[in-house]
Visitor: 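Quick one: structure below, then a few questions.
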Amino acid sequence: MEQLSQAEASIRGQAQVWQHMLAFADSMALKCAVELRIPDIIQSHGNPISLSQIASSIIDSPSPNIPYLKRIMRLLVRRKIFSAEQPSDGGETLYGLTEVSKWLVRDSETTVAPMFLMETHPWAMNPWHCLSQCVKDGGNAFEKANGYKIWEFAARNDEFNKIFNSGLASTSRVTMRAILEGNKDGFCDLKSLVDVGGGTGNLVSEIVKKYPKIKGINYDLPHVVSTAPEYEGVCHVGGDMFQSVPNADAVIMKYILHDWNDEDCVKLLKNCRKAIPEKTGKVMIVDIVLKPEGDGLFDDTGLVFDLLMIAHTEGAERTEVEWKKLLEEAGFPRYKIINIPAMTSIIEAYPQ
């Protein structure tokens with residue numbers, strides 16, 4: 001019995017190796033579905049549809065390869081990304097959306113399809129092949145793969161800049177809803193708010209829309225804000241956050257500090273501290289609080305995001321202990337963590 005048990009454990013180990021080896025196939029199959037807009041096609045019909053209906057709706061494809069499509073959809077159904085049901089009359093299998101694929105409908109206000117396409121683009125994927133090299137000699141994985149660090153690459157490459165900003169804007173909308181839902185009282189007393197690293201301004205514009213008495217400032221690199229649309233109650237300011245931050249009652253930073261090492265984070269936080277009132281000011285950090293031993297919905301994904309920071313930046317995701325250390329070094333002796341319905345939390349830090 002012991003030998004049988006060892007043999008079973010061994011074969012299970014082999015199966016897991018194959019699963020990890022080919023895990024990228026899930027991402028690539030789903031990327032294919034997003035590029036073909038299959039979630040949108042199903043959504044537009046309002047109910048589950050057949051493979052031939054999906055194929056006939058694929059844009060710029062007069063004769064799509066249906067056998068290929070069937071095999072790709074078979075895997076995605078297995079992964080519960082799409083549903084499949086067999087009609088009682090024996091007709092074609094009907095494919096529908098699930099709670100997973102609903103997030104990839106591009107016309108939805110909560111779509112993360114642009115972020116999915118950004119993260120699976122070769123420019124974003126290539127740095128992952130450099131992780132072992134980074135372990136050996138340090139350095140920046142994105143720079144090793146693409147010749148420049150991610151921010152400089154975006155400044156030099158208009159196509160990547162558009163893909164990058166579109167991806168960040170899509171996740172910003174999703175996170176923004178969670179912020180407004182989970183921190184309803186956090187903006188009531190503010191007259192001004194600066195979003196540091198705010199991209200094209202989606203987050204601060206939505207906050208100002210809900211709280212119109214707030215003067216919103218969207219602050220990012222000049223080449224980023226140059227593509228930002230106009231929003232009522234929001235002004236776009238280009239600059240370098242490591243040099244200074246515009247003055248406001250409060251600062252909000254979403255997915256910013258995780259991009260930088262501890263030294264840079266402390267420098268940026270000190271600039272934020274200078275920009276807010278000593279007694280009433282606050283900095284709202286929207287980022288992941290790692291729980292390595294946790295079993296929550298996003299705890300595993302947080303660990304993956306931590307590796308994403310190696311692949312794309314020089315930053316890291318952090319535990320509460322690590323956040324506390326950064327804040328104290330930057331002059332924020334007091335903080336609280338606000339849980340919101342998202343992968344991130346809000347860390348409110350106070351100068352007093």
Side-chain angles (χ1 to χ4, degrees), residues 99 102-103 108-112 115 168-220 228-229 231-236 245-258 269 272-273 275-291 294 296-299 301-302 305 317-318 320 323-324 326-327 332-352:
E99 292 302 324
K102 287 176 183 177
W103 287 93
S108 167
E109 291 185 1
T110 57
T111 183
V112 295
M115 188 66 169
L168 294 185
S170 70
T171 57
S172 177
R173 286 190 290 271
V174 173
T175 307
M176 170 272 299
R177 288 186 172 221
I179 292 169
L180 292 175
E181 180 181 337
N183 192 31
K184 295 177 180 178
D185 299 326
F187 305 100
C188 295
D189 298 327
L190 301 180
K191 294 181 180 178
S192 58
L193 174 68
V194 56
D195 185 358
V196 174
T200 55
N202 181 262
L203 173 61
V204 71
S205 69
E206 290 298 325
I207 293 172
V208 169
K209 187 185 297 183
K210 185 167 183 178
Y211 301 92
K213 71 175 184 180
I214 296 177
K215 174 188 175 183
I217 304 167
N218 180 51
Y219 185 58
D220 212 312
Y231 297 106
E232 186 175 351
V234 176
C235 65
H236 299 291
V245 169
N247 292 335
D249 290 341
V251 169
I252 189 167
M253 291 186 287
K254 178 185 65 61
Y255 283 140
I256 301 299
L257 293 181
H258 75 164
L269 284 166
C272 292
R273 194 181 190 283
I276 61 176
E278 179 73 20
K279 294 183 179 180
T280 59
K282 64 181 176 181
V283 173
M284 292 177 278
I285 302 163
V286 184
D287 248 317
I288 291 171
V289 179
L290 277 184
K291 298 177 182 177
L297 284 175
F298 295 109
D299 289 337
T301 308
F305 257 71
E317 305 298 350
R318 297 174 171 92
E320 181 176 352
W323 280 118
K324 184 174 185 290
L326 283 184
L327 293 171
F332 293 90
R334 190 166 59 90
Y335 72 93
K336 69 177 179 180
I337 295 177
I338 302 168
N339 294 319
I340 59 176
M343 180 165 54
T344 55
S345 299
I346 300 174
I347 306 166
E348 276 198 356
Y350 313 99
Q352 285 192 359

Visitor: Got a sec, which residues hit salt bridge (Lys or Arg N to Asp or Glu O under 4.0 Å) with K210, two or more places apart in sequence or on another chain?
Guide: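 Residues passing salt bridge (Lys or Arg N to Asp or Glu O under 4.0 Å) with K210: none at all.
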
Visitor: Name all residues meeting the side-chain hydrogen bond (donor to acceptor under 3.5 Å, both in side chains) criterion together with N202; count only those two or more places apart in sequence or in a different chain, and write none if there are none.
Guide: none

Visitor: Can you measure from OG1 (T171) to NZ (K254) and round to the nearest 0.5 angstrom?
Guide: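 It is 5.0 Å, given to the nearest 0.5 Å.
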
Visitor: For R177, what residues pass the salt bridge (Lys or Arg N to Asp or Glu O under 4.0 Å) criterion, not counting sequence neighbours?
Guide: E109

Visitor: What residues form a salt bridge (Lys or Arg N to Asp or Glu O under 4.0 Å) with E232, not counting sequence neighbours?
Guide: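 Not a single residue meets the salt bridge (Lys or Arg N to Asp or Glu O under 4.0 Å) criterion with E232.
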
Visitor: Take L180 and Y211, measure what side chain to side chain contact (heavy atoms under 4.5 Å, CB included) needs, and give me the verdict at the end.
Guide: CA-CA 10 Å; L180 292 175; Y211 301 92; 4.1 Å; yes

Visitor: Donor-acceptor pairs are to be reported for all side-chain atoms of residues 183-199 against protein atoms at under 3.5 Å, with residues two or more places apart or in another chain.
Guide:
| residue | atom | partner | partner atom | Å |
| --- | --- | --- | --- | --- |
| S192 | OG | D249 | N | 2.9 |

Visitor: Give, for atom OG of S205 and atom NE2 of H236, the distance between the pair rounded to the nearest 0.5 Å.
Guide: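 Going from the OG atom of S205 to the NE2 atom of H236 covers 8.0 Å.
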
Visitor: Report the residues that fulfil side-chain hydrogen bond (donor to acceptor under 3.5 Å, both in side chains) with Y335, sequence neighbours left out, ordered by chain and then residue number.
Guide: E320

Visitor: Would I288 and T301 count as a side chain to side chain contact (heavy atoms under 4.5 Å, CB included) here? Give the steps.
Guide: CA-CA 10 Å; I288 291 171; T301 308; over 6 Å; no

Visitor: With K324, which residues qualify under salt bridge (Lys or Arg N to Asp or Glu O under 4.0 Å), at least two apart?
Guide: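 Scan of K324 (salt bridge (Lys or Arg N to Asp or Glu O under 4.0 Å), adjacent residues dropped) gives E328.
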
Visitor: For K209, enumerate each residue passing the side chain to side chain contact (heavy atoms under 4.5 Å, CB included) test, keeping only those at least two apart in sequence or located in another chain.
Guide: E206

Visitor: Pick from L257, I256, I252, L203: which one makes a side chain to side chain contact (heavy atoms under 4.5 Å, CB included) with V286?
Guide: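 Going through L257, I256, I252, L203 one by one, the side chain to side chain contact (heavy atoms under 4.5 Å, CB included) with V286 is satisfied by I252 alone.
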
Visitor: Pairs under 3.5 angstrom only: tabulate donor-acceptor contacts from the side chains of residues 336-352 to other protein residues two or more places apart or in another chain.
Guide:
| residue | atom | partner | partner atom | Å |
| --- | --- | --- | --- | --- |
| E348 | OE1 | Y350 | OH | 2.5 |
| E348 | OE2 | K282 | NZ | 3.3 |

Visitor: Side-chain contact test, heavy atoms from C-beta onward, threshold under 4.5 Å: evaluate it for N218 versus Y231 and give yes or no.
Guide: no

Visitor: With a 4.5 Å cut-off on side-chain heavy atoms, are I217 and V204 touching?
Guide: no

Visitor: Provide the closest heavy-atom pair for A248 versus P277 in the form atom of the first, atom of the second, distance.
Guide: O-CD, 3.4 Å

Visitor: Under the ring-ring contact (aromatic ring centres under 6.0 Å, His included) test, which residues partner Y255, sequence neighbours left out?
Guide: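 Once residues adjacent in sequence are excluded, the partners of Y255 under the ring-ring contact (aromatic ring centres under 6.0 Å, His included) criterion are H258.
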
Visitor: For the pair I276 and V283, evaluate side chain to side chain contact (heavy atoms under 4.5 Å, CB included) and give the outcome as yes or no after the intermediate values.
Guide: CA-CA 8 Å; I276 61 176; V283 173; 3.9 Å; yes

Visitor: Taking side-chain hydrogen bond (donor to acceptor under 3.5 Å, both in side chains) as the test, write out the residues that go with T200, two or more places apart.
Guide: none

Visitor: Would you please name every residue forming a side-chain hydrogen bond (donor to acceptor under 3.5 Å, both in side chains) with R273, sequence neighbours left out?
Guide: E278

